[in-house]
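For reference, the structure discussed in these notes is given below.
Basis for what follows: all heavy atoms, side chains included, without hydrogens, waters or symmetry-related copies.
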Amino acid sequence: MTDDLAGRMPANPRYGDGYFVRSTVFRRRAPDRVEAVLEDPFHALALSIHHDDRALTAVESRWERHPLSSCAGAERALSGLAGLPLIADLRTRWLQTEPALQCTHMFDTLRLAAAHIAQGRDDRRYDVILPDADADTQPVRLLQDGAPVLIIEIDAEFRITAPSTYAGSPLLAGFARWATERLSAEEFERMFLIQRGAFVGRGQRMDITQYYGRAGALSGPPPAACFGSQPERYAASIRLANARPGLRREDAAHFPFA
């Protein structure tokens, strides 16, 4: 969703004492296969990633929930990324592919999984948590295996206000350049998780249920920004009634799918 869209959409009447939670889980299923699962109130997906310690050899994916009818089929597009090299540093871009032709959420999860595999990590879970906040600033927490590893505050313009180390830095427009130039590989990965979670978490403020069954472009991303908004499928896209906004407890981080 664009900032302009967010300003025009009706407010969520239940917003105020709930939480937005985005969970990402990586599990080793075999020496050459890792499962990656992502779930938040608007998305739920799973990837099965095969590798040979140097590159992705096969990528399988499936949706459990997706917001627009035009998201369907993104699985086939992602499978075409087999052969891409593993990346130990998330700041390294895959120049061999065009991200806008992929589902953003599947593509980001695949990048994170490639770094996870390349670094030989054990199973890991991340949770990004945004409590509802009507104040000038909003806290955003990143948990790794249940323990807080990064807590920031952002203002209404998505600029970081705390901690002082990052104060004044952008979490929306200009994020990629700032984060790539100023952050270490570990800091970048953690901030990337927060940035993606906070971006999607804006949807908690909007009454998305009023758009169920209506054209996807009324409440979705800008045209041609991702797989689901490419021209050949966006015109017929419909907003699906499968979101779970307004989580009421912090322990809602434990989604049944994730």
Side-chain angles (χ1 to χ4, degrees), residues 1-25 38-45 64-68 104-105 125-144 146-163 166-173 175 190-222 239-258:
M1 302 173 189
T2 66
D3 290 331
D4 288 341
L5 269 177
R8 294 198 304 267
M9 291 175 66
N12 177 5
R14 298 184 64 198
Y15 186 86
D17 62 352
Y19 292 83
F20 170 87
V21 184
R22 168 173 270 212
S23 299
T24 308
V25 183
L38 176 142
E39 186 165 15
D40 63 37
F42 307 103
H43 312 86
L45 59 93
E64 178 73 8
R65 288 184 291 112
H66 53 80
L68 304 178
T104 301
H105 311 286
R125 178 189 180 110
Y126 295 106
D127 295 297
V128 176
I129 302 176
L130 287 80
D132 291 354
D134 288 324
D136 293 336
T137 61
Q138 181 176 28
V140 188
R141 291 191 291 155
L142 174 65
L143 277 59
Q144 179 178 309
V149 292
L150 181 58
I151 302 173
I152 68 170
E153 289 187 356
I154 58 175
D155 63 19
E157 302 301 322
F158 264 61
R159 299 195 74 84
I160 301 173
T161 60
Y166 306 129
S169 302
L171 200 65
L172 197 58
F175 168 79
R190 289 176 174 177
M191 196 65 77
F192 178 84
L193 284 156
I194 278 184
Q195 194 262 358
R196 293 301 200 248
F199 180 81
V200 176
R202 295 185 306 168
Q204 289 284 98
R205 296 176 179 269
M206 309 165 202
D207 188 1
I208 202 69
T209 64
Q210 293 196 26
Y211 292 86
Y212 287 169
R214 299 173 64 185
L218 294 175
S219 59
R239 169 70 62 174
L240 302 177
N242 59 8
R244 298 175 182 174
L247 300 173
R248 311 318 299 170
R249 299 186 310 276
E250 191 170 357
D251 63 4
H254 302 290
F255 287 109
F257 183 65

Distance check, rounded to the nearest 0.5 Å: [X] atom [atom1] versus [Y] atom [atom2]?
X: E39; Y: H105; atom1: CD; atom2: NE2; result: 13.5 Å
X: R125; Y: Q144; atom1: CZ; atom2: CD; result: 12.5 Å
X: L240; Y: H66; atom1: CG; atom2: NE2; result: 6.0 Å
X: L172; Y: I160; atom1: CG; atom2: CD1; result: 11.0 Å
X: L143; Y: L193; atom1: CG; atom2: CG; result: 11.5 Å
X: E157; Y: L171; atom1: CD; atom2: CG; result: 12.5 Å

So, applying side-chain contact (heavy atoms from CB on, under 4.5 Å) with [X], which one of [options] is it?
X: I152; options: P139, S169, P163; result: P163
X: P10; options: M206, R205, Q210; result: Q210
X: V128; options: V21, L142, V200; result: L142

For the residue pair [X] and [Y], what are the closest heavy atoms and their distance?
X: D132; Y: G16; result: OD2-N, 2.9 Å
X: R65; Y: D40; result: NH2-O, 2.8 Å
X: A198; Y: L130; result: CA-CD2, 3.9 Å

**Report entry** side chain to side chain contact (heavy atoms under 4.5 Å, CB included) evaluation trace for I208 with R239
**Finding:** CA-CA 9 Å; I208 202 69; R239 169 70 62 174; 3.7 Å; yes
Return yes if some donor-acceptor pair links the side-chain N/O of [X] with the main-chain N/O of [Y] below 3.5 Å, else return no.
X: Q204; Y: Y15; result: no
X: R22; Y: I194; result: no
X: Q138; Y: A156; result: no

Query raised in the report: Between L150 and Y166, is any pair of side-chain heavy atoms under 4.5 Å apart?
Result: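 SC-SC contact between L150 and Y166 confirmed.
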Requested in this report: Measure the acute angle between the ring planes of F20 and F42, then classify it against the limits of 30° and 60° as parallel, tilted or perpendicular.
Outcome: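 Taking F42 first and then F20, their aromatic rings lie parallel (interplane angle under 30°).
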